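The structure appears below as structure tokens.
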Amino acid sequence: MTAIDLPKVICVARARIPTTQGPDIFLHLYSNNKDNKEHLAIVFGEDIRSRSLFQKRSPYETQQDRMIRGAYIGKLYPGRTIADRDDRLNLELKFDPVSGELIYDPATTWDGQHNDTLVRIHSECYTGENAWSARCDCGEQFDRAGKLIACDHEPETGIKGGDGHGVIVYLRQEGRGIGLGEKLKAYNLQDLGADTVQANVLLNHPVDARDFSIGKSILLDLGINNVRLLTNNPDKIEQVEHEHLIKCVERVPMVPIHWQNENEGIDSKEIEGYLRTKIERMGHLLQKPLNLHTHQEQL
Ligand SMILES: Nc1nc2c(ncn2[C@@H]2O[C@H](COP(=O)(O)OP(=O)(O)OP(=O)(O)O)[C@@H](O)[C@H]2O)c(=O)[nH]1
Ligand SMILES: [Zn+2]
């Protein structure tokens with residue numbers, strides 16, 4: 001397999017987002033040639049550089065144009081005129097005069113070949129992220145991924161963090177790829193007694209309709225080859241690896257917060273059922289025996 005097998009992605013724009021969690025993040029928005037969705041990368045670390053973003057688009061592109069689409073080094077400040085050089089931080093990027101490609105320099109750009117990078121591949125979940133859903137742990141996992149990437153290590157678990165370097169790839173594949181409308185139908189089937197796997201099947205969808213190829217192209221565009229993947233899903237590990245290009249050097253487990261501290265995290269009969277199904281039917285690498293306070297009824 002080569003990168004040719006993967007979809008082509010282009011980072012259209014990037015911006016610094018100050019966050020309530022501590023560090024600034026750099027939000028990257030991607031276009032691609034496979035679907036018409038705007039996939040994202042939430043990047044921790046100014047020096048993790050999108051090759052497609054920084055590439056000079058044309059000889060006529062001005063330094064102002066480059067700053068506006070986020071292809072700048074260091075930090076913007078009022079009155080700054082040069083995108084490729086930050087005089088205050090004394091940083092400068094170099095480009096191939098013919099191809100316009102960024103010339104890799106370890107002084108200015110993260111070495112994703114020799115460093116292992118903490119990565120979470122997140123799939124959109126409107127309900128878990130925006131509607132406070134206690135049916136799944138997507139929102140909790142998203143927050144936790146950000147905290148782990150930002151920290152040196154997590155005191156409660158001893159997990160080594162990203163120390164300010166890492167990426168959350170945010171893929172617009174709602175409901176494991178079936179879309180929000182179908183996921184809502186699946187939820188009604190779950191309230192009628194199906195588990196999350198059975199509900200998808202009853203709606204004539206695959207158990208998991210996701211595709212991680214765009215996510216892989218995004219990682220490669222960011223120059224990341226060796227991944228410490230935050231997941232419990234063995235299938236995701238297999239799908240994210242790409243011969244000679246992306247290696248999953250470590251799996252970092254995502255243990256539900258409630259299992260570690262019963263006063264925190266999500267506690268509901270729905271999430272118990274959801275996690276149980278993931279363990280028993282989807283082979284998730286989670287260990288805790290679950291209390292089955294959901295009632296399994298045949299549909
Ligand atoms: N169809 C369907 N999708 C769901 C359901 N609950 C959550 N999702 C979707 O599942 C996706 C989230 O899965 P992930 O958090 O990546 O979980 P995972 O791949 O199973 O494993 P981890 O990496 O261990 O979290 C999102 O797209 C959610 O919208 C459900 O009951 N039915
Ligand atoms: Zn969810």
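Counting starts at 1 for both ligands and their atoms, following the listed order. For clarity, every value in this text was computed on a predicted model and none was experimentally measured.
Here the protein heavy atom with the shortest distance to atom 31 (O) of ligand 1 is Gln190 NE2, 2.9 Å. Nearest protein heavy-atom contact of atom 22 (P) of ligand 1 is Thr231 OG1, 3.4 Å. Protein heavy atom closest to atom 1 (N) of ligand 1, with residue, atom name and distance, is Asn200 OD1, 3.0 Å. Given atom 24 (O) of ligand 1, the protein heavy atom at minimum distance is Asn232 N, 2.8 Å. Counting only heavy atoms of the protein, atom 7 (C) of ligand 1 lies nearest to Tyr274 OH, 3.4 Å. In terms of protein heavy-atom proximity, atom 12 (C) of ligand 1 is closest to Cys138 SG, 3.7 Å.
Put simply, the side chain of Arg135 never gets that close to the backbone of Glu270: no donor and acceptor are under 3.5 Å apart. A distance-only check finds no donor-acceptor pair linking the side chain of Lys34 to the backbone of Ser213 [under 3.5 Å]. Here the side chain of Glu46 pairs a donor or acceptor atom with the backbone of Gly74 at under 3.5 angstrom. Remark: the backbone N or O of Ile214 is not paired with any side-chain donor or acceptor of Asp211 at under 3.5 angstrom.
The heavy atom nearest to atom 25 (O) of ligand 1, considering only Lys183, Arg120, Glu124, Glu182, is found in Arg120. Heavy-atom proximity to atom 21 (O) of ligand 1, evaluated over His205, His284, Glu174, is greatest for His284. Distances from atom 11 (C) of ligand 1 to the heavy atoms of Arg172, Glu140, Arg176 show the closest one on Arg176.
Residue contacts with ligand 1 for Cys125 involve both N, CA, C or O and side-chain atoms from C-beta outward (heavy atoms, distance under 4.0 Å). Contacts of Thr127 with ligand 1, taken as heavy-atom pairs under 4.0 Å, are absent altogether. Only the side chain of Arg210 comes within 4.0 Å of ligand 1, counting heavy atoms alone; its backbone N, CA, C and O stay farther away. In Lys278, the part holding a heavy atom less than 4.0 Å from any atom of ligand 1 is the side chain. Contact annotation for Tyr126 and ligand 1: no heavy atom of the residue comes within less than 4.0 Å of the ligand. Using a 4.0 Å cut-off between heavy atoms, His122 makes no contact with ligand 1 at all.
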side-chain hydrogen bond (donor to acceptor under 3.5 Å, both in side chains) assessment of Asp137 paired with His258 | CA-CA 10 Å; Asp137 54 357; His258 191 67; over 6 Å; no

Step by step, would you call Thr231 with Asn233 a side-chain hydrogen bond (donor to acceptor under 3.5 Å, both in side chains)?
-> CA-CA 5 Å; Thr231 189; Asn233 183 351; 5.2 Å; no

Chi angles and distances behind the side-chain hydrogen bond (donor to acceptor under 3.5 Å, both in side chains) call for Tyr170, Glu129 | CA-CA 12 Å; Tyr170 186 101; Glu129 293 158 22; 2.6 Å; yes

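Ion pairing between Asp84 and Lys56 holds under the 4.0 Å rule for side-chain N and carboxylate O. One finds a salt bridge joining Arg80 and Asp86 here, because a Lys/Arg side-chain nitrogen approaches an Asp/Glu carboxylate oxygen to under 4.0 Å. Checked for salt-bridge contact, Glu174 and Lys183 meet the test: a charged N lies under 4.0 Å from a carboxylate O. Salt bridge absent: Lys160 and Glu250 never bring a charged side-chain N and a carboxylate O closer than 4.0 Å. Of the charged side-chain nitrogens involved, none lies within less than 4.0 Å of a carboxylate oxygen, so that Asp105 and Arg49 do not count as a salt-bridged pair. Ion pairing between a basic and an acidic side chain is recognised when a charged N comes within 4.0 Å of a carboxylate O; Asp24 and Arg16 show such pairing.
The angle Cys125:SG - the Zn ion (ligand 2) - Cys138:SG amounts to 120°, with values rounded to 10 degrees.
The distance from ligand 1 to the heavy atoms of Gln141 drops below 4.0 Å at these ligand atoms: 15 (O), 25 (O). Ligand-side atoms of ligand 1 in range of Gln173: 27 (O), range being under 4.0 angstrom from any heavy atom. Those atoms of ligand 1 that come under 4.0 Å of a heavy atom in Thr196, given as number and element, are 30 (C), 31 (O), 32 (N).
Taking distance alone, with nitrogen or oxygen atoms compared against 3.5 Å, Gly175 approaches ligand 1 more closely than that limit.
Arg135 does not count as a contact of ligand 1, since none of its heavy atoms falls under 4.0 Å from the ligand.
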